[in-house]
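Please read the structure below before turning to the comments.
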Amino acid sequence: MPEGHTLHRLAATINERFGGRRVRSSSPQGRFVDGAARVDGRVLRQADAWGKHLLVEVDGLAESVHVHLGLWGSMAVLSGGAQPVVGQVRWRVAHDEATADLRGPATCELLAPPGVEALVSRLGPDPLRPDADPTRAWRRLQSSRSPLATLLMDQSVIAGVGNVYRAEVLFRRGIAPTTRARDIDEETWLALWSDLVALMREGVRTGRIDTVRPEHEPDAMGREPRQDDHGGEVYVYRRDGSPCLVCDTPVRRAELAGRNVFWCPVCQQDG
DNA sequence: GCTGTATGCAGAT
DNA sequence: TCTGCCTACAGCG
């Protein structure tokens with residue numbers, strides 16, 4: 001379920017399991033045959049994540065493998081020897097002890113250095129990268145007439161945030177999705193950024209999106225435990241019609257720039 | 001078996 | 001703002 005934390009977690013897993021190892025590389029599904037063949041038999045150097053993009057460097061190959069998971073993509077790492085191919089495996093990387101299977105990516109391609117540079121330079125700061133500069137994103141907010149909620153999904157403004165983190169961080173900061181980006185002051189923005197850094201780091205650590213503070217967890221509130229489709233505990237994402245975990249007001253949903261946005265009309269106010 | 005849906009994004013209109 | 005697309009799975013008949 002790919003937001004930025006998924007890609008950073010994946011990069012770490014690839015480095016741990018495949019970094020410095022000579023790999024076999026193939027495209028069982030057949031749509032990355034030439035690229036996979038260029039990688040085959042080489043040493044995988046390292047993987048790195050920029051927002052929702054994964055770049056894999058290989059010794060002796062100028063190009064990097066560029067992966068974007070899109071809505072449905074996933075990469076599964078399996079331990080042990082030869083694995084059967086299940087479903088549509090676009091790219092398989094393997095050595096004797098592990099196999100990584102990439103399924104359903106929006107992008108899986110070889111990208112030459114100028115392409116890598118162009119890709120990275122069009123992304124906004126990534127809360128999961130230690131050198132990221134949140135002020136660069138704030139300047140973009142200041143020069144826009146769009147709602148903050150829309151810009152949070154714009155990868156050239158801030159890289160790695162998807163629909164779940166967007167909804168949840170706006171809830172946690174008490175900001176309505178209709179709030180104009182230019183009405184956000186820098187202090188408010190930096191607090192939101194810090195919250196994203198903490199939430200997304202936790203997501204990298206656990207592999208799921210959990211945003212509910214301990215005091216609002218169902219047992220602390222005397223409620224029945226909930227089960228969320230996407231595997232984490234959240235305040236508002238896809239909870240429309242259900243009572244807000246803080247104030248019991250029904251959570252609302254609307255479409256904004258073609259994507260669903262979820263919020264509590266009482267806890268979140270226009271800034 | 002079919003339909004709808006999904007944490008995304010690019011390109012056309 | 002709209003369309004198409006990458007794939008798997010739940011829900012339905």
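Below, read A as the first sequence line, B as the second, and so on, with proteins coming before strands; counting in each chain starts at 1.
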Rounded to whole angstroms, how far apart are [atom1] on [X] and [atom2] on [N]?
| X | N | atom1 | atom2 | answer |
| --- | --- | --- | --- | --- |
| R259(A) | dC2(C) | CZ | C1' | 15 Å |
| H66(A) | dG8(B) | NE2 | C1' | 12 Å |
| Y235(A) | dT7(B) | OH | P | 21 Å |
| R238(A) | dA6(B) | CZ | C1' | 7 Å |
| N163(A) | dC9(B) | CG | P | 11 Å |
| L71(A) | dG4(C) | CG | P | 16 Å |
| L152(A) | dG8(B) | CG | P | 12 Å |
| D154(A) | dG8(B) | CG | C1' | 12 Å |

Quick one: is [X] getting a side-chain N or O under 4.0 Å of the [N] phosphate, OP1 or OP2?
| X | N | answer |
| --- | --- | --- |
| H68(A) | dC9(B) | yes |
| Y237(A) | dT7(B) | yes |
| R122(A) | dA10(B) | yes |
| K52(A) | dC9(B) | yes |

Discussion item. Under 4.0 Å, counting only non-hydrogen atoms across every strand here, what does Q29(A) touch: a base, just sugar-phosphate, or nothing?
Written reply: sugar-phosphate
Item to complete: Select base, sugar-phosphate, or nothing to describe what R90(A) touches, counting heavy atoms under 4.0 Å on all strands.
Response: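 If one applies the 4.0 Å heavy-atom cut-off, R90(A) turns out to touch the sugar-phosphate alone, with no base involved.
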Worksheet item: Salt-bridged, D195(A) to R172(A), with N to O below 4.0 Å?
Response: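 Salt bridge between D195(A) and R172(A), a charged N being under 4.0 Å from a carboxylate O: yes.
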Worksheet item: When you check the gap from the basic side-chain N to the acidic O, do R208(A) and E202(A) get nearer than 4.0 Å?
Response: no
Worksheet item: Would one find more than 12 heavy atoms of other residues, nucleotides or ligands at under 6.0 Å from atom CZ of R252(A)?
Response: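 No.
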Worksheet item: Mind checking the C1' distance from dA8(C) to dA10(B)? Whole angstroms is fine.
Response: 23 Å
Fill in: Pairwise P distance for dT5(B) and dG13(C), with rounding to whole Å
15 Å
Fill in: Under 3.5 Å side-chain donor-acceptor pair for S156(A) and R140(A)
yes
Worksheet item: Between Q29(A) and R90(A), is any side-chain donor less than 3.5 angstrom from a side-chain acceptor?
Response: yes
Worksheet item: Which of these nucleotides, dC9(B), dT7(C), dG8(B), is closest to any side-chain atom of M153(A)?
Response: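 Out of dC9(B), dT7(C), dG8(B), the nucleotide with an atom closest to M153(A)'s side chain is dG8(B).
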